[in-house]
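So the structure is just underneath, and the comments pick up after that.
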Amino acid sequence: MSELQGLQLSQDEFRRRGAQVLGVVVDAVDTNAQLAGDAGLEFPILSDPDLHTTDAYELRHPGGHDGQDIALSASVLVDARGVVRWTHVTPNFRVRPLPAEILAAIDTIAVQP
């Protein structure tokens, strides 16, 4: 949860760059609402229990939790046209990019034609 709180603390920097943070997890909507409330998150945590979004980004981890398919831990930057411009994927949910790394990736994308 600390990575989500780090993203929350960096919301002003994301907004200044015209970026919006969204979380996507396989948990149910009510579980996500509880998580967002407990962590004080102001950005949406979306529910993907059928893994449709997860599959669209090729992030399915077959048998990842108690034999159930889950999403790999990933951070994805999608531009205004819906094109994936940067991805950080890890099999270890404890290893996430820092907000500063994501902001640097946004800055790099912003200067590309």
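- Applying the side chain to side chain contact (heavy atoms under 4.5 Å, CB included) test to Pro99 and every residue at least two apart in sequence or in another chain returns Leu7, Ser10.
- Shown here for Val21 and Pro44, the closest heavy-atom pair between the two residues is O-CD, 3.7 Å.
- The shortest side-chain heavy-atom distance between Val78 and Tyr57 falls under the 4.5 Å cut-off.
- If you take CD1 on Ile102 and CG on Asp107, they are separated by 12.0 Å, rounding to the nearest 0.5 Å.
- Looking at Val26 and Leu51, their side chains come closer than 4.5 Å, going by heavy atoms from C-beta outward.
- If you check the side chains of Asp30 and Gln34, you find no donor sitting under 3.5 Å from an acceptor.
- Separation of atoms CZ (Arg85) and OG1 (Thr108) is listed at 10.5 Å; rounding is to 0.5 Å.
- Counting heavy atoms from C-beta on, the side chains of Leu59 and Val76 come closer than 4.5 Å.
- For Phe43, the CZ atom counts as densely surrounded, since its 6.0 Å shell holds more than 12 non-hydrogen atoms of other residues, nucleotides or ligands.
- The side-chain heavy atoms of Ile45 and Val25, taken from C-beta on, include a pair separated by under 4.5 Å.
- For Ser73, the side chain to side chain donor-acceptor pair (under 3.5 Å) partners are Arg96, not counting sequence neighbours.
- Considering OG1 of Thr53 and CG of Asp55, their distance stands at 9.0 Å, rounded to 0.5 Å.
- With a 4.5 Å cut-off on side-chain heavy atoms, Arg17 and Leu103 count as touching.
- Once rounded to the nearest 0.5 Å, the distance linking CG of Asp66 with CD of Gln68 reads 7.5 Å.
- Atom-to-atom distance recorded for Leu46:CG and Asp27:CG is 12.0 Å, nearest 0.5 angstrom.
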Legend entry - side chain to side chain contact (heavy atoms under 4.5 Å, CB included) evaluation trace for Leu35 with Leu4: CA-CA 10 Å; Leu35 169 70; Leu4 297 175; 3.9 Å; yes
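- Judged purely by atom type and a 3.5 angstrom limit, Asp48 uses its side chain to pair as donor or acceptor with the backbone of Thr54.
- Taking 4.5 Å as the limit, every side-chain heavy atom of Ile106 sits out of range of all side-chain heavy atoms of Trp86.
- When every heavy atom of His88 is checked against every heavy atom of Pro97, the shortest pair comes out as ND1-CD, 3.3 Å.
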Legend entry - Leu77 and Ile109: CA distance, side-chain angles, deciding distance, side chain to side chain contact (heavy atoms under 4.5 Å, CB included) verdict: CA-CA 9 Å; Leu77 294 178; Ile109 291 167; 3.6 Å; yes
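- Residue Glu101 qualifies as enclosed at atom CD: its count of foreign heavy atoms under 6.0 Å is above 12.
- Looking only at side-chain heavy atoms (C-beta outward), Leu72 and Arg60 stay at 4.5 Å or farther from each other.
- Atom CD in Gln8 sits 4.0 Å away from atom CD in Glu42 (nearest 0.5 Å).
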